[in-house]
Amino acid sequence: MSLWPEEGLWRHPDFLKLWSAETVSQFGTQISLLALPLVAIDVLHVSAFKVAALTTAEFLPFLVVSLPAGVWVDRLPRRPILIAGDLARAGLLASIPIAYWMDVLTIWQLYGVGFFVGIATVFFDVAYQSYLPSLVERRQIIDGNSKLEISRSAAQTGGPGLAGVLIGLLKAPPAILIDAVSFLASALFILRIRKTETSQRERAPRRKMRIELREGLSYVLRHPYLKNIAASTALYNFFGMLGFAVLIVFARRELHLAPLAIGVAFSIGNLGAMMAALTANRISGRVGVGRTIILSSVIGGPIFLIIPFAPHGNAALAVIVPALIVGTFAGVTYNIVQLSLRQAFTPERIQGRMNSVMRFIVWGTIPLGSLTGGALASSIGLKATLIVSGVGCSLAFLPVLFSPVRSVREMPEPLEDEESVVDVLLADTEAAVVPTPHV
């Protein structure tokens with residue numbers, strides 16, 4: 001399938017609005033990704049552990065509210081959830097420059113903003129991943145995810161460099177205001193989507209929260225593809241965030257890189273993500289869906305083992321940038337293909353809970369990884385922590401390698417009787433004990 005079809009999503013006005021919303025907010029988000037830790041490092045002068053704890057606060061909601069969020073996303077229309085998530089994040093982020101100008105900014109406000117922005121992001125992301133399959137046709141899902149990933153990759157490529165310039169000119173707290181404005185713009189684009197969405201309440205009777213939670217958990221943890229994809233992604237996220245939580249501190253305090261140099265490194269490094277967004281569809285078509293998932297997870301880990309051995313000063317860029325290019329190419333290829341596979345074979349009525357359970361498992365490891373990274377950095381040092389991160393990421397491919405995922409050649413077509421397939425996977429859900437994923 002061509003990346004630029006003559007018909008389809010380029011002539012799909014509602015998808016184009018969703019794509020525009022994602023593009024605007026992604027560029028804004030790149031500013032805060034660099035600015036928030038730099039506020040903690042350069043303005044508040046906190047320790048490496050407290051900087052890592054900021055990442056923990058941002059991702060803790062994925063452990064706390066992901067599962068009930070999936071139930072509500074399956075019960076309610078998804079577009080209002082997307083708009084509310086954007087508006088909430090805009091207001092929360094705007095409070096940081098306001099507090100800075102009033103000279104009352106503290107690390108505790110950063111933790112609070114990070115936590116509540118995380119809650120809004122949980123609801124937004126679960127609704128967003130569940131909304132796409134209802135907005136476009138099933139055969140267009142991988143094309144839609146690729147286009148959305150182009151925006152994310154473009155933002156990751158140009159955003160950090162722009163963020164470095166803005167932070168250098170305005171300082172980190174005022175630069176965050178631009179991210180707040182981007183979320184307002186995103187909400188306006190989503191508000192203009194015209195397609196009427198059928199309320200999930202009309203499709204099935206509402207049941208108790210615990211029953212619907214069990215259904216979502218049972219569906220994912222019994223599914224032969226989902227449970228292995230979840231395990232692989234969770235391992236990579238845990239060890240990846242273990243290192244990323246201290247990477248900017250390592251670059252700033254040990255490699256002595258300026259904020260602009262750090263931003264440029266991330267911008268150039270994210271060219272790999274852009275290349276993946278443009279080619280993932282063709283790669284999976286040629287290599288096969290399952291093999292693409294496995295190969296990208298094999299490549300993505302070991303490359304980060306070279307970052308801890310980068311020299312000091314700007315010479316470090318010669319090591320960091322190539323590692324980031326290869327790593328982001330592998331990571332984005334993996335994300336596009338596995339997400340499209342998940343969306344393709346999951347019935348509409350359980351999309352929200354499937355995505356929320358996956359987020360609970362694979363993003364729930366992120367705050368644990370960042371907290372562990374901060375603790376390790378305080379005890380064994382920044383460089384040794386990054387080495388542990390690289391070794392762990394190198395082993396994350398094992399669950400998908402030893403799974404039925406490797407046999408998937410093409411993206412599956414819609415099932416003739418999706419409801420009966422779900423019923424088989426959810427059999428005896430009422431009697432099941434809700435499992436606790438290993439972390």
Side-chain angles (χ1 to χ4, degrees), residues 20-62 64-65 80-125 155-156 158-191 245 248-249 252 258-260 262-263 266 367 370 374:
S20 298
E22 175 72 355
T23 301
V24 170
S25 64
Q26 281 295 327
F27 269 94
T29 297
Q30 294 305 310
I31 298 172
S32 290
L33 284 177
L34 184 59
L36 276 174
L38 286 176
V39 170
I41 295 168
D42 292 342
V43 176
L44 301 177
H45 306 289
V46 300
S47 66
F49 179 80
K50 289 184 177 179
V51 175
L54 177 59
T55 304
T56 302
E58 292 171 336
F59 286 97
L60 186 60
F62 289 91
V64 177
V65 299
I81 297 175
L82 297 175
I83 295 170
D86 274 339
L87 295 177
R89 290 183 290 185
L92 288 163
L93 288 169
S95 73
I96 293 176
I98 292 172
Y100 172 74
W101 288 321
M102 295 176 65
D103 198 26
V104 294
L105 183 63
T106 67
I107 188 63
W108 295 106
Q109 180 176 349
L110 294 188
Y111 291 155
V113 169
F115 180 76
F116 287 107
V117 165
I119 291 177
T121 299
V122 168
F123 278 90
F124 182 94
D125 284 359
Q156 291 173 341
L162 176 62
V165 172
L166 290 173
I167 292 168
L169 292 175
L170 304 175
K171 294 187 178 179
I176 294 173
L177 185 61
I178 298 174
D179 188 16
V181 173
S182 77
F183 283 119
L184 287 176
S186 175
L188 290 175
F189 277 116
I190 296 173
L191 186 63
I248 294 179
V249 184
R252 194 79 175 97
L260 179 58
I262 297 172
F266 279 105
S370 64

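These numbers come from the heavy atoms of this one structure, side chains and all, not from hydrogens, waters or symmetry mates.
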Subject >> Non-neighbouring partners of Ser95 that pass side-chain hydrogen bond (donor to acceptor under 3.5 Å, both in side chains), sequence neighbours left out >> reply: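 Ser95 satisfies side-chain hydrogen bond (donor to acceptor under 3.5 Å, both in side chains) with Gln109 once adjacent residues are dropped.
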
Original post:
For Ile98, what residues pass the side-chain contact (heavy atoms from CB on, under 4.5 Å) criterion, not counting sequence neighbours?
Top reply: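 Applying side-chain contact (heavy atoms from CB on, under 4.5 Å) to Ile98 gives Met102.
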
Subject >> Residues forming a salt bridge (Lys or Arg N to Asp or Glu O under 4.0 Å) with Asp86, sequence neighbours excluded >> reply: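 If we apply the salt bridge (Lys or Arg N to Asp or Glu O under 4.0 Å) test to Asp86, skipping adjacent residues, the hits are Arg89.
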
Are the side chains of [Y] and [X] in contact, using a 4.5 Å heavy-atom criterion?
| X | Y | result |
| --- | --- | --- |
| Thr29 | Asp179 | yes |
| Trp101 | Pro174 | yes |
| Ile262 | Arg252 | yes |
| Glu22 | Phe189 | no |
| Phe27 | Ser182 | no |

Original post:
Counting only heavy atoms not in Phe116, do more than 12 fall under 6.0 Å of its CZ?
Top reply: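 Atom CZ in Phe116 is not packed in, count stays at 12 or less.
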
With rounding to the nearest 0.5 Å, note down the distance linking [atom1] in [X] to [atom2] in [Y].
| X | Y | atom1 | atom2 | answer |
| --- | --- | --- | --- | --- |
| Leu93 | Ile178 | CG | CD1 | 12.0 Å |
| Ile81 | Ile190 | CD1 | CD1 | 11.5 Å |
| Ile119 | Leu60 | CD1 | CG | 8.5 Å |
| Leu54 | Tyr111 | CG | OH | 6.5 Å |
| Leu87 | Leu92 | CG | CG | 11.0 Å |
| Leu184 | Ser25 | CG | OG | 11.5 Å |

Atom of [X], atom of [Y] and distance for their closest heavy-atom approach:
| X | Y | answer |
| --- | --- | --- |
| Phe115 | Pro61 | O-CG, 3.1 Å |
| Pro37 | Ile248 | CG-CD1, 3.9 Å |
| Ala88 | Ala120 | CB-CB, 4.1 Å |

Original post:
Yes or no on side chain to side chain contact (heavy atoms under 4.5 Å, CB included) for Ile96 and Leu36, after CA distance, side-chain angles and deciding distance?
Top reply: CA-CA 9 Å; Ile96 293 176; Leu36 276 174; 3.5 Å; yes

